[in-house]
Amino acid sequence: MTYAYDDTNIFAMILRGEIPNSTVVETDHSLAFRDIHPQAPVHILLIPKGKYVTIDDFAANAGPEEAADFWATFASVIESEGLREKGFRVISNAGEHGLQEVPHFHLHILGGHAMGPILAR
Ligand code: AMP
């Protein structure tokens with residue numbers, strides 16, 4: 001399955017260095033940075049540098065090095081932000097029904113206080 005990637009999306013611009021970001025950690029294949037409109041005391045976005053549109057695109061098409069790097073970076077963010085002890089929430093919005101705004105796969109990593117109900121409409 002191929003996914004149409006839009007090079008004009010804002011995370012692509014961040015990855016090209018065209019707009020600034022508040023970097024938490026950067027590796028060869030991944031970037032974690034702070035969400036510009038935080039929804040919790042800790043709100044970090046973790047993205048692969050590769051051109052993946054959604055989480056299922058990444059799951060189906062990322063290479064083993066990219067995938068391993070992504071999950072290692074995820075673990076290092078949880079560690080460095082001190083989220084392991086009290087816990088956290090991870091969200092990945094995909095497509096129209098997921099209300100995904102930025103069409104570059106990202107995990108929202110949320111923590112720092114107890115989360116509310118998992119869904120609201
Ligand atoms: P989503 O609806 O899952 O696509 O969420 C996109 C997220 O990207 C939102 O939480 C925005 O606040 C965040 N966002 C948009 N532009 C930026 C930016 N330039 N830097 C950091 N976060 C951003």
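All of these numbers come straight from a predicted model, not from anything done at the bench. Numbering of ligands and ligand atoms starts at 1, following listing order.
- With hydrogens left out, the protein atom closest to atom 8 (O) of ligand 1 is F11 CZ, 3.4 Å, a heavy atom.
- From the protein, the heavy atom lying nearest to atom 7 (C) of ligand 1 is D35 OD2, 3.5 Å.
- Among all non-hydrogen protein atoms, the one lying nearest atom 2 (O) of ligand 1 is E101 N, 3.1 Å.
- A distance of 6.0 Å or more separates the ring centres of H104 and H106.
- Among the atoms of I10, none of the N or O lies under 3.5 angstrom from an N or O of ligand 1.
- Interface of H37 with ligand 1, defined as ligand atoms under 4.0 Å from a residue heavy atom, comprises 12 (O).
- Counting non-hydrogen atoms of neighbouring residues, nucleotides and ligands closer than 6.0 angstrom, the CD atom of E65 reaches no more than 12 such neighbours.
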Intermediate values then yes/no, salt bridge (charged side-chain N to carboxylate O under 4.0 Å, His left out), D7 and K51: CA-CA 8 Å; D7 274 305; K51 297 179 179 185; 3.0 Å; yes
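- Remark: ligand 1 and P20 share no N or O pair separated by less than 3.5 Å (distance only, no angle test).
- Within a 6.0 Å radius of NE2 in H113, other residues, nucleotides and ligands contribute more than 12 heavy atoms.
- Using a 4.0 Å cut-off to heavy atoms of N93, the atoms of ligand 1 that qualify are 1 (P), 2 (O), 3 (O).
- Between I109 and V42, the closest side-chain pair of non-hydrogen atoms is not below 4.5 Å.
- Of all protein heavy atoms, the one lying nearest to atom 20 (N) of ligand 1 is I36 CB, 3.8 Å.
- When every heavy atom of L15 is checked against every heavy atom of P48, the shortest pair comes out as CD1-O, 4.0 Å.
- When only non-hydrogen protein atoms are considered, atom 1 (P) of ligand 1 lies nearest to H106 NE2, 3.2 Å.
- Between atom 5 (O) of ligand 1 and the options H108, H43, Q100, the minimum heavy-atom separation is to H108.
- If you look at R34 next to ligand 1, the close heavy atoms, those under 4.0 Å, all belong to the backbone.
- Here the two rings, on Y52 and F70, have centers that are 6.0 Å apart or farther.
- Here L45 has side-chain heavy atoms under 4.0 Å from ligand 1, and that is the only part of it that gets that close.
- Near L99, meaning under 4.0 Å from one of its heavy atoms, ligand 1 places the atoms 2 (O).
- No more than 12 heavy atoms of other residues, nucleotides or ligands sit less than 6.0 Å from atom CD1 of I118.
- Across every non-hydrogen atom of L83 and G112, the tightest pair is CD2-N, 4.1 Å.
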